[in-house]
Amino acid sequence: MLTTFTVTYTKIGSGYMGQITEWPEVISEGETIESCYQSVQDALQEMIAAYRQQNQEIPLGKSAIEQILVEV
């Protein structure tokens, strides 16, 4: 089954941190967004394998994303 997950990238001192919005435990880093994307994708595959091995339900994507406008 194919599903879609959302990656949120945050600029950090060593490059970028990527985190799966629907599955916050899936997080990784990379020097560039491209390398971060690959690292997050690898982390996601490892997490899926671990959940399957432990017979845990994999959280499926389909979260709603909304930005909030606020004065700072």
Side-chain angles (χ1 to χ4, degrees):
M1 171 176 66
L2 292 177
T3 192
T4 302
F5 289 96
T6 307
V7 181
T8 302
Y9 296 101
T10 304
K11 180 76 171 132
I12 59 174
S14 59
Y16 292 89
M17 176 185 71
Q19 184 172 24
I20 301 292
T21 304
E22 299 88 352
W23 202 349
E25 296 86 358
V26 180
I27 187 168
S28 196
E29 297 180 8
E31 290 182 13
T32 65
I33 286 185
E34 293 80 12
S35 65
C36 185
Y37 172 84
Q38 185 62 52
S39 294
V40 170
Q41 192 172 36
D42 292 345
L44 180 58
Q45 292 297 326
E46 290 293 324
M47 189 69 91
I48 289 169
Y51 267 54
R52 283 184 177 155
Q53 184 178 22
Q54 298 172 13
N55 293 321
Q56 293 186 30
E57 185 176 336
I58 295 169
L60 298 178
K62 304 186 179 40
S63 289
I65 306 291
E66 182 177 359
Q67 293 183 334
I68 298 174
L69 180 64
V70 63
E71 185 175 339
V72 292

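No hydrogens, no waters, no symmetry mates; every other heavy atom, side chains included, goes into these values. Heads up: numbering here begins at 1 and tracks the sequence.
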Show me the side-chain donor-acceptor pairs of residues 7-20 shorter than 3.5 Å, one per line, residues at least two apart or across chains.
unit_1 : atom_1 : unit_2 : atom_2 : d
Thr8   : OG1    : Thr21  : OG1    : 2.9
Gln19  : NE2    : Pro24  : O      : 2.8

Under the side-chain hydrogen bond (donor to acceptor under 3.5 Å, both in side chains) test, which residues partner Gln54, sequence neighbours left out?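 Gln56.
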Identify which one of Glu46, Gln45, Gln38 satisfies the side chain to side chain contact (heavy atoms under 4.5 Å, CB included) criterion when paired with Asp42.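 Result for side chain to side chain contact (heavy atoms under 4.5 Å, CB included) with Asp42: Gln38.
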Identify whether Val40 and Ile58 are in the same connected component of the hydrophobic contact network (ILVMFWY, side-chain heavy atoms under 4.5 Å). yes
Do you reckon Trp23 sits in the same ILVMFWY cluster as Ile27, going by side-chain contacts under 4.5 Å, direct or chained?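 In one cluster with Trp23: Ile27, no.
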In terms of side-chain heavy atoms, does Glu29 have a donor or acceptor partner in Ser39 at a distance below 3.5 Å? no
Does a sphere of radius 6.0 Å around OH in Tyr51 hold more than 12 heavy atoms from other residues, nucleotides or ligands, not counting ones at 6.0 Å or beyond?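 Counting neighbours around OH of Tyr51, more than 12 heavy atoms of other residues, nucleotides or ligands fall under 6.0 Å, so yes.
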